[in-house]
Amino acid sequence: MVYIDSTQKYKAFASSPLAVMKVRSIILPKQNVCIRTCKPLTAITPQQKMDTRFTRGKSNILERPLTRPKTEVSLSAFALLFSEMVQYCQSRVYSVSELQTRLADMGQSVGASMLDVLVLREKNGKRETKVLNMLLFVKVNVWKSLFGKEADKLEQANDDDKTYYIIEKEPLINAYISVPKENSSLNCAAFTAGIVEAILTHSGFPAKVTAHWHKGTTLMIKFNESVIARDKALDGR
């Protein structure tokens, strides 16, 4: 059998690092000749290589619109996940205050992540500059995104213009949490307080948000002095 190698004619092309070569053998039916041919395919650019590297086997999540329809999460799945979060934090603390602090820290990471998407979807990218408008955004838009409904009440303290209250009579986040008598001060809505604190702070309204047992569950929002001073300056224009 005689072998004829015809790859030499493609030597110049094969020397290119961008070339993709495919070798195939053709055996002639009535001759003892085997011809090895080298078939060049379309050259791949560096940009195509990069695109293939980062998109192969992955979903097109980057191509999905931010204004996609809202989705709902199973209540039982949420209850299971949140109970595991509480147990995880509980196994690493020694007091109720430490447990609430850990839950608030987890909530802050959630609030910081969801802020930009919420502003784009609900406000068309427009940021609030007034305290009351920002609180209404939290009461209505943030609560609907998290719990499917508005918060029950939004109130301001009578003796302090820096303090506001968001009141939930039966918060969903506490619906499946059983608090023992020895830890009666524990309110797992500290997780929600962390979400609200992160949203306010990253929106330019630094505040401290804590969860308390009052009229159900009350989130106490205490703004920094600078926020109230800026709000009064805007009113005086």
Side-chain angles (χ1 to χ4, degrees), residues 64-75 77-79 81-82 100 103-158 160-177 187-224 226-228 230-235 237:
R64 298 176 187 172
L66 289 173
T67 55
R68 66 184 183 275
K70 299 175 184 177
T71 57
E72 295 182 357
V73 178
S74 167
L75 183 59
F78 164 77
L81 177 60
F82 188 66
Q100 292 188 144
L103 289 173
D105 290 342
M106 287 184 170
Q108 287 188 22
S109 64
V110 174
S113 300
M114 68 184 295
L115 173 61
D116 289 335
V117 176
L118 275 180
V119 170
L120 183 61
R121 287 178 180 169
E122 309 292 343
K123 308 293 288 186
N124 199 24
K126 178 184 176 182
R127 299 274 185 167
E128 299 293 350
T129 58
K130 301 283 294 179
V131 170
L132 183 57
N133 292 340
M134 187 63 204
L135 288 172
L136 289 174
F137 171 73
V138 172
K139 176 182 181 293
V140 178
N141 302 100
V142 173
W143 241 253
K144 282 185 176 181
S145 177
L146 290 172
F147 308 116
K149 69 178 190 67
E150 295 183 20
D152 294 334
K153 290 183 181 180
L154 172 63
E155 298 179 356
Q156 183 178 13
N158 295 326
D160 188 0
D161 60 354
K162 302 188 300 295
T163 304
Y164 291 81
Y165 305 103
I166 294 179
I167 301 173
E168 277 277 82
K169 294 181 180 179
E170 297 179 355
L172 177 64
I173 207 159
N174 283 337
Y176 302 99
I177 300 295
N187 193 323
C188 292
F191 178 75
T192 309
I195 294 176
V196 174
E197 181 173 329
I199 288 176
L200 292 174
T201 301
H202 288 275
S203 297
F205 299 85
K208 181 64 179 176
V209 184
T210 52
H212 305 274
W213 292 111
H214 177 68
K215 299 179 180 179
T217 291
T218 297
L219 301 186
M220 185 174 72
I221 304 170
K222 196 172 186 66
F223 289 102
N224 289 3
S226 59
V227 175
I228 304 302
R230 183 185 64 198
D231 205 54
K232 291 179 178 179
L234 289 174
D235 287 336
R237 287 182 177 180

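As a basis for the values below, the full set of heavy atoms in this structure was taken, side chains included, without hydrogen atoms, waters or symmetry mates. Note that this is a predicted model, so its numbers are computed, not measured.
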F205: ring-ring contact (aromatic ring centres under 6.0 Å, His included) partners, not counting sequence neighbours
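In terms of ring-ring contact (aromatic ring centres under 6.0 Å, His included), with neighbours along the sequence ignored, F205 is linked to no residue.
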Can you tell if the side chain of [X] reaches within under 4.5 Å of the side chain of [Y], non-hydrogen atoms only?
X: W143; Y: V196; answer: yes
X: M114; Y: I195; answer: yes
X: L132; Y: Q156; answer: no
X: K215; Y: K169; answer: no

[atom1] of [X] to [atom2] of [Y]: how many Å apart, nearest 0.5 Å?
X: I173; Y: T192; atom1: CD1; atom2: OG1; result: 3.5 Å
X: F82; Y: Y176; atom1: CZ; atom2: OH; result: 13.0 Å
X: C188; Y: L103; atom1: SG; atom2: CG; result: 5.5 Å
X: Y164; Y: L200; atom1: OH; atom2: CG; result: 11.5 Å
X: L234; Y: T129; atom1: CG; atom2: OG1; result: 5.5 Å
X: T218; Y: K153; atom1: OG1; atom2: NZ; result: 9.5 Å

Taking every non-hydrogen atom, the tightest pair across [X] and [Y]:
X: E122; Y: F137; answer: CB-CE1, 4.3 Å
X: Y165; Y: M220; answer: CE2-CG, 3.6 Å
X: G111; Y: I199; answer: O-CG1, 3.7 Å
X: G204; Y: V227; answer: O-CG2, 4.5 Å
X: A211; Y: A190; answer: CB-N, 3.7 Å
X: V138; Y: I166; answer: CG1-CD1, 3.8 Å

Would you check if the side chain of [X] reaches a backbone N or O of [Y] as a donor-acceptor pair within less than 3.5 Å?
X: N187; Y: A189; result: yes
X: S109; Y: M106; result: yes
X: E168; Y: D152; result: yes
X: D231; Y: V131; result: yes

Salt bridge between D161 and K232, side-chain N to carboxylate O under 4.0 Å?
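A salt bridge is present here (some side-chain N lies under 4.0 Å from a carboxylate O).
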Could you pull out all residues at least two apart from K123 that satisfy side chain to side chain donor-acceptor pair (under 3.5 Å)?
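Applying side chain to side chain donor-acceptor pair (under 3.5 Å) to K123 gives E128.
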Which of these passes side-chain contact (heavy atoms from CB on, under 4.5 Å) with K144: N141, V142, V140?
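Between K144 and the candidates, side-chain contact (heavy atoms from CB on, under 4.5 Å) is satisfied uniquely by V140.
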By side chain to side chain contact (heavy atoms under 4.5 Å, CB included) - contacts of K208 (at least two apart):
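K208 satisfies side chain to side chain contact (heavy atoms under 4.5 Å, CB included) with E197, T210 once adjacent residues are dropped.
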